[in-house]
Protein chains: 2
Amino acid sequence: MNTKRRGRPPLLSRESIVAAARQIADTEGMEALTVRRVAQALGGGQASLYRHISDRGELLLLLAQDVAIHLPVDERAGESRQRMVAYWSTAHDYLARHPWAARIIADGEYVLDEAAPFAASAMRGLEALGLERPEGARAYRAMWNMMLGYLLNAHPVGHTVGHGHASPPGEEELHGREVDRGADFAWALERLLHGMLR
Amino acid sequence: MNTKRRGRPPLLSRESIVAAARQIADTEGMEALTVRRVAQALGGGQASLYRHISDRGELLLLLAQDVAIHLPVDERAGESRQRMVAYWSTAHDYLARHPWAARIIADGEYVLDEAAPFAASAMRGLEALGLERPEGARAYRAMWNMMLGYLLNAHPVGHTVGHGHASPPGEEELHGREVDRGADFAWALERLLHGMLR
DNA sequence: ACCTGAACACCGTTCAAGT
DNA sequence: ACCTGAACACCGTTCAAGT
């Protein structure tokens, strides 16, 4: 029933749309990700997209799902704290390579079932590391939110401390322009994990 | 030289624009925060705003600065870990009351000098708690990013664990729809702080 | 000198008309 | 039956014309 006879594959499909959108977001940035731009990339009319998606919001959801599916899975993340940190670092680095992903996830109101394998691995790992039952989900959320924060602050965010104060204490750069984001995240995550497992 | 004689105060000013924008964002949400809407709220023409701000981006920056200025300051945040957690919780709760704030901060590429007093207090507190020199900024960043993550996940984000797996381990809700966000953040922050001070 | 209506170049989305 | 050009209702921004 899925096979329409004689139907040449249509120019547009959900898959081709997502692929094109992903490509545009990666190379031209999220602000270039317009319905018209996607249609143009596929050689179709701007109105044609609406045969396959209901609106732009759904396009963003599909993109988020596509990213979530590709999150890593490590069944042995619970073997050591170090391995748990590495697990999340992999996820962080993957998402950092697609800066639009965290933005969509944070802005959207999605429940990403596609991230379930990643989450399940993390949860089982945390359990193996000694995080008993009810705390597990809380710990997972803490790690997830912290990762999200680091990803969204990939913009230079942060603030510099003013130098108008008595002691010259806050002269350091509080924003992470120069530091290696990934290492910074791993450092913080290791501390968080340690604090949760105490 | 600042006083133009006979100049009745102009209808629009940077202050009135920011105030109106803040009001709109709070009551109608960020998507309603258009240049036209702000002008309308102030009873001016849509083009008139551009006499006071250079573009919409600057309006968002002014909004972010306005929020940053109102971040709490507690010179005694370093008296105890508990007080440090309370300090950040206050900041979190304040920002949570203006959901657009975290969004602007995350999206923008600002360096918010207005947050310097907040940051300086936190840094001095961390130092008092025993976080020696170079680690301080890193720790501050970790806390800030974690806070940002929790704020941006105020949307129902998160993901539910699928129930298709062997043991029924991940049945908990991994998204924080029901839980008290503030308490959740405080819990995580306390762990993070503990891990950093070990 | 200051303000702003109208216009411009974009959006997302719809729908009637094309094939 | 499927596709889509043209139109519609919005944006942010500019600029010439108004006072």
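Letters A, B, ... mirror the listed sequences (proteins, then strands); counts begin at 1.
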Would you kindly give the [atom1]-to-[atom2] distance between [X] and [N], to the nearest whole Å?
X	N	atom1	atom2	value
B/Ile53	D/dT14	CD1	P	11 Å
B/Tyr50	C/dG5	OH	P	14 Å
A/Leu59	C/dG12	CG	P	10 Å
B/Ile17	D/dG12	CD1	P	14 Å
A/Leu12	D/dT4	CG	P	8 Å
A/His52	D/dC2	NE2	P	10 Å
B/Glu58	D/dT13	CD	P	11 Å
B/Arg56	C/dC10	CZ	P	18 Å

Might you point out which heavy atoms bring [X] and [Y] nearest each other, and give the distance in Å?
X	Y	answer
A/Asp66	A/Arg22	OD2-NH1, 2.6 Å
A/Trp88	A/Phe185	O-CE2, 3.7 Å
A/Gln46	A/Arg36	OE1-NH2, 3.5 Å
A/Ser121	A/Val73	OG-CG1, 3.3 Å

Would you tabulate the pairs of protein nitrogen or oxygen atoms and nucleotide nitrogen or oxygen atoms of nucleotides 16-19 of chain D closer than 3.5 angstrom?
none

Worksheet item: Once the angle between the rings of B/His194 and A/His194 is folded into 0 to 90°, is it parallel (under 30°), tilted (30 to 60°) or perpendicular (over 60°)?
Response: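 Rings of B/His194 and A/His194: parallel, as their planes differ by under 30°.
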
Worksheet item: Which word best sums up how the rings of A/Tyr87 and A/Phe118 line up, parallel for under 30°, tilted for 30 to 60°, or perpendicular for over 60°?
Response: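 Plane angle between 30° and 60°, so tilted.
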
Discussion item. I'd like to know if A/Arg124 pairs up with A/Glu127 as an ion pair, taking the criterion as any Lys NZ or Arg NE/NH1/NH2 lying under 4.0 Å from an Asp or Glu carboxylate oxygen.
Written reply: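 Result for this pair is no, no salt bridge flagged.
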
Discussion item. Please determine whether a side-chain nitrogen of the Lys or Arg among A/Arg198 and B/Glu190 lies less than 4.0 Å from a carboxylate oxygen of the Asp or Glu.
Written reply: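 Yes.
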
Discussion item. Does atom CD (A/Gln82) have a neighbourhood of more than 12 heavy atoms from anything else shown, all under 6.0 Å?
Written reply: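 Result for CD/A/Gln82: open.
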
Item to complete: Kindly say whether A/Trp187 contributes a backbone atom to a donor-acceptor pair with the side chain of A/Asp184 at under 3.5 angstrom?
Response: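 No, A/Asp184 side chain to A/Trp187 backbone: no donor-acceptor pair under 3.5 Å.
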
Worksheet item: Does DNA chain C take part in any stems of at least 3 consecutive Watson-Crick or G-U pairs (both distances under 3.5 Å), and if so, which ones?
Response: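 Detected stem regions: C:4-8 with D:12-16, C:12-16 with D:4-8.
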
Item to complete: Pull out every residue in residues 35-48 of chain A that has a heavy atom closer than 4.0 Å to any atom of DNA chain C, ordered by number, or say none.
Response: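 Going residue by residue through residues 35-48 of chain A, the ones with a heavy atom under 4.0 Å of DNA chain C turn out to be A/Val35, A/Arg36, A/Gln46, A/Ala47.
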
Worksheet item: Do A/Leu126 and A/Met143 come within less than 4.5 Å of each other through their side chains, counting heavy atoms only?
Response: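 Side chain of A/Leu126 against side chain of A/Met143, heavy atoms only: contact under 4.5 Å found.
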
